[in-house]
Amino acid sequence: MAEVHDGAAGSEVEKHETAAPAPATAVVRADRIPNPGFPPERLRVTDLDPKKEKQAERTVSGLFLLSIVGSIIAVVAYIVLPIEEGNPGSVRLNNLFLGVGITLGLLGIGIGAVHWSKALMHGHELVEQRHPTRGSDESRTRAVEIFRESNKESGFTRRSLVRNTLIGALVATPIPAVALFRDLAPEEDPIALLKQTMWEEGTRLALDPSGVPIRASDVTIGSVFHVIPEGLAELESHRLEEKAKAAVLLMRLPPDELNIREGRETWSYDGIVAYSKICTHVGCPVALYEQQTHHLLCPCHQSQFDVANHCEVIFGPAARPLPQLPITVDDEGYLVARRDFEEPVGPSFWEREL
Amino acid sequence: MALSSTASSRRAGRRSPLVTTALLVAGLLATGGVYALVATSASADTRAASAQLVDEGGKLFAANCATCHGLAAQGTAAGPSLIGVGALAVDFQVGTGRMPLAASGPQADVKPVQFTQEQIDAMAAWVAELAPGPAIPADRYLAGDGDAANGAQLFRTNCAMCHNVAGAGGALTEGKWAPGLSNIDPVHVYAAMVTGPQNMPVFSDLNLSPEDKNDIITYLRYLDENPSVGGFDLGSLGPVSEGLFIWIFGLGALVAVTIWLTAKSN
C-alpha cells in the first residue's frame with residue numbers, strides 16, 4: 001500500500017497507533033509530538049530544465065555504453081595479452097587489463113543505474129506501510145485445531161512410552177559424533193610436544209636450509225648463522241613442526257663483550273652462543289641481529305633481546321628471555337648441543353610451568 | 001560532480017599501460033648502465049697493488065680518514081681500527097659514500113661518493129697492506145649469473161628478516177635501519193656480506209660460499225629486472241603501506257560512493 005505524500009501520512013500513522021492497543025502495552029502519551037510529515041518537495045534541475053534532462057539521459061546511456069566497452073576490453077585483453085609461462089610481466093599486463101575491463105563493465109552498469117534513478121526517475125517521497133503480520137482469526141483457530149487433531153491421531157500425549165523413548169533416541173543420536181570428534185585430537189599429549197624439541201645430547205648444529213654441519217672454527221666474530229639440528233632437513237614427516245620449535249640463531253661475540261650468566265659457564269664456546277629463534281612473546285622468528293650492539297629485534301612487535309646479557313628483554317612485550325641452547329664442540333670440531341633447551345621454547349601456554 | 005570524482009579516484013589507483021612501459025624501459029636502461037659500470041670497475045680492481053698505489057693511498061688516508069681512524073689506522077675514540085678489515089671493506093664504505101662520515105649518528109648514511117675509483121683503490125691497497133683482510137672477489141662471483149632460486153632461498157633465510165623479502169629494506173632498533181637493496185653494485189652486496197658493515201652481521205665464506213653469494217646477487221638482480229607480478233607494489237613494504245593504502249583510498253572510495261548514493265540529486 002503506497003501513498004503519495006499529500007499530508008495524509010501523519011493521520012495514517014496516528015490511526016494505527018490508537019486503533020487497537022495490545023492489552024497491557026497501551027501507553028497514553030499526552031505530549032506526543034505531531035508527525036511533521038515531509039518537507040516540501042524540491043524540484044531537481046532535470047525536472048525544471050529539459051536540456052538538463054536530456055544531458056542526464058546522455059550521461060546514463062554513456063555509462064551503459066562505457067560498461068559495454070569495458071566488457072569488450074576484458075575479452076580483447078584476455079585474448080591479446082595472454083599469460084606466458086616464465087614471463088611474470090605478462091601476468092601483470094593480463095591481470096591489469098582484465099581487471100580494468102571488468103571494473104568498467106560492472107561500475108558502468110551500477111553507476112548508470114543509480115544516476116538514472118536519482119536524476120531521471122520521479123523524485124517524489126513516499127510512505128509505504130508494512131503489511132499487518134497478525135493472521136486472520138479463522139486461520140488462527142484452524143491452526144489450533146490442526147494441533148489438537150494431530151495430537152489425537154498420533155496419541156503423542158496419551159502414548160507416553162512412545163513419546164519418552166523418542167525423546168531418549170533424539171538425545172542419544174549426537175553421542176557418536178562426540179566420540180568421533182574427540183578422536184580428532186592428536187594421539188600424543190600436545191603439552192609434552194611443546195616442552196621438547198629435536199635437540200638432544202650430541203646433535204650437531206647444521207646450516208639452514210642446506211643441513212651442512214657447522215665447525216666452531218667457521219663461526220668468525222660478528223657472524224650470525226641460521227641453524228637447524230642435523231637431520232632435520234632429511235625428516236620425512238613433521239619437518240616444519242620440528243623446525244618451528246628447533247630453529248636456533250648462532251652468534252659469535254668478542255668474548256670480553258659477552259656476560260655469561262652464573263650456572264651457564266659451559267653453555268657457550270669461545271664467545272659462540274646459540275639462542276632459540278622463536279620469540280617468547282607470540283612465536284615470531286627473532287633474527288634481526290645487530291652485530292655492534294648485540295641486540296636482537298623481533299620484527300612482529302619490536303621486542304628486543306640483549307644477546308650480550310643472556311638475551312634478556314630490553315624492550316617490548318616479550319616477558320621472558322630467549323631460551324639458550326647449551327652447546328659444546330665434539331672431537332671433530334663440530335658444534336653440538338649438550339642437551340635440549342632447559343625450558344619450553346616460544347610463547348607461553350596454559351600448562352607452562354617454567 | 002560527485003560521480004566524476006568517484007570515477008577518477010578509482011582510475012587513479014591503477015597505473016596507465018604507458019607508465020608500465022616507461023618504467024620497464026627505464027629499469028632496463030638503468031640495469032644496463034649499472035652493469036656497464038660494474039664491468040669496468042671490476043676490471044680495474046683486478047690490477048695488482050703497486051707500491052706507488054699504496055703510497056698514494058697512504059697520503060689520501062692521512063688527509064681524509066686519519067682524524068677518526070688514527071694515522072696508523074689503529075683507531076681512536078672517534079673511529080674503529082682498520083687493521084685487518086681488508087680492501088673490500090674500504091671499497092664498500094668509501095665506494096657507497098658511507099665514508100667519510102658526514103656526521104656521527106646511529107648509522108652512516110649513503111651519500112654521493114667523495115672519491116674517484118682510482119683513489120678508492122689506492123686507499124684500499126694501503127689498508128690491505130696493514131694486515132691481511134678480505135680482498136675484492138673475482139669477477140665470476142659478481143656476475144649475477146648463478147641460480148636465482150637458490151639465491152632466493154638463501155636470501156629468505158639469511159637476509160630477508162632485516163632487508164625485507166623483496167629487498168626493500170626495513171627498520172632496526174634505535175634509529176638504525178637495514179637499507180634497501182635495489183640496484184646495488186654487486187661488489188657492494190658481496191662486500192657487505194663478507195665484511196658486515198656497521199650493525200650487519202658477517203656472512204663469511206664458510207657460512208655462505210662465494211657461489212652462494214653469487215646466487216644471492218643473481219636473485220637481487222632478478223628482483224631489479226622483473227616487474228612486480230601483482231601490479232603496483234607500494235614500495236614492497238608489506239602490511240604497513242598496503243594497509244595504509246587500502247584504509248585511505250579503498251575505504252575513502254567506499255565512503256564517497258555511499259555519500260553519493262544517498263545524496264539527493266540537485
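Owing to the predicted nature of the structure, the values given are computational and were not obtained by experimental measurement. Proteins get letters first, then strands, A, B, ... in listed order; numbering begins at 1 in each.
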*Asks:* What closest approach, in Å, do A171(B) and L288(A) show between heavy atoms, and which atom pair accounts for it?
*Replies:* O-CD2, 4.2 Å
*Asks:* Against chain B, label L43(A) side chain, backbone, both or neither, depending on which of its atoms sit under 4.5 Å from a heavy atom there.
*Replies:* neither
*Asks:* Is the side chain of K118(A) donor-acceptor paired with the backbone N or O of W260(B) at a distance under 3.5 Å, no angle test?
*Replies:* yes
*Asks:* Over all heavy atoms of both residues, which pair between P201(B) and S223(A) is shortest? Give the atoms and the distance, please.
*Replies:* CB-C, 4.5 Å
*Asks:* Contact part of S210(A) toward chain B, heavy-atom cut-off under 4.5 Å: side chain, backbone, both or neither?
*Replies:* neither
*Asks:* Backbone N or O of Q292(A) within a donor-acceptor pair of the N199(B) side chain at under 3.5 Å?
*Replies:* yes
*Asks:* Are more than 12 heavy atoms, taken from residues, nucleotides or ligands other than W116(A), located less than 6.0 Å from that residue's CH2 atom?
*Replies:* no
*Asks:* Side chain, backbone, both or neither: which part of T220(A) has a heavy atom under 4.5 Å from chain B?
*Replies:* side chain
*Asks:* Nearest 0.5 Å, what's the CD1-CG distance between I214(A) and N207(B)?
*Replies:* 7.0 Å
*Asks:* What is the distance from atom CD of Q153(B) to atom CG of D208(A), rounded to the nearest 0.5 Å?
*Replies:* 8.0 Å
*Asks:* Given heavy-atom pairs under 4.5 angstrom as the criterion, report whether the side chain, backbone, both or neither of L208(B) touches chain A.
*Replies:* neither
*Asks:* Assess whether side chain to side chain contact (heavy atoms under 4.5 Å, CB included) is satisfied between K264(B) and R42(A), documenting all intermediate values.
*Replies:* CA-CA 10 Å; K264(B) 279 185 181 174; R42(A) 185 178 55 84; 3.8 Å; yes
*Asks:* Does a sphere of radius 6.0 Å around OH in Y334(A) hold more than 12 heavy atoms from other residues, nucleotides or ligands, not counting ones at 6.0 Å or beyond?
*Replies:* yes
*Asks:* Most heavy-atom pairs under 4.5 angstrom with chain A, which of R156(B), Q198(B), M200(B)?
*Replies:* Q198(B)
*Asks:* Roughly how far apart are C159(B) SG and H226(A) NE2, rounded to 0.5 Å?
*Replies:* 7.5 Å
*Asks:* Using a 4.5 angstrom heavy-atom cutoff, name the option from Q291(A), M251(A), H295(A), R252(A) with the most pairs to chain B.
*Replies:* Q291(A)
*Asks:* Counting only heavy atoms from other residues, nucleotides and ligands, does the tally under 6.0 Å from CZ of F64(A) exceed 12?
*Replies:* yes
*Asks:* If I take atom OG from residue S217(A) and atom CG from residue L206(B), how far apart are they, to the nearest 0.5 angstrom?
*Replies:* 7.0 Å
*Asks:* Just verifying a value: how many Å separate T293(A) OG1 and K176(B) NZ, rounded to the nearest 0.5 Å?
*Replies:* 4.5 Å
*Asks:* Against chain A, label N226(B) side chain, backbone, both or neither, depending on which of its atoms sit under 4.5 Å from a heavy atom there.
*Replies:* side chain
*Asks:* How many angstroms lie between atom CD of Q304(A) and atom OG1 of T173(B), to the nearest 0.5 angstrom?
*Replies:* 4.5 Å
*Asks:* Would a distance-only check, ignoring hydrogens and angles, find a side-chain to backbone donor-acceptor pair under 3.5 Å from E290(A) to L172(B)?
*Replies:* no
*Asks:* At a 4.5 Å cut-off on heavy atoms, which part of A178(B) comes close to chain A: side chain, backbone, both, or neither?
*Replies:* neither
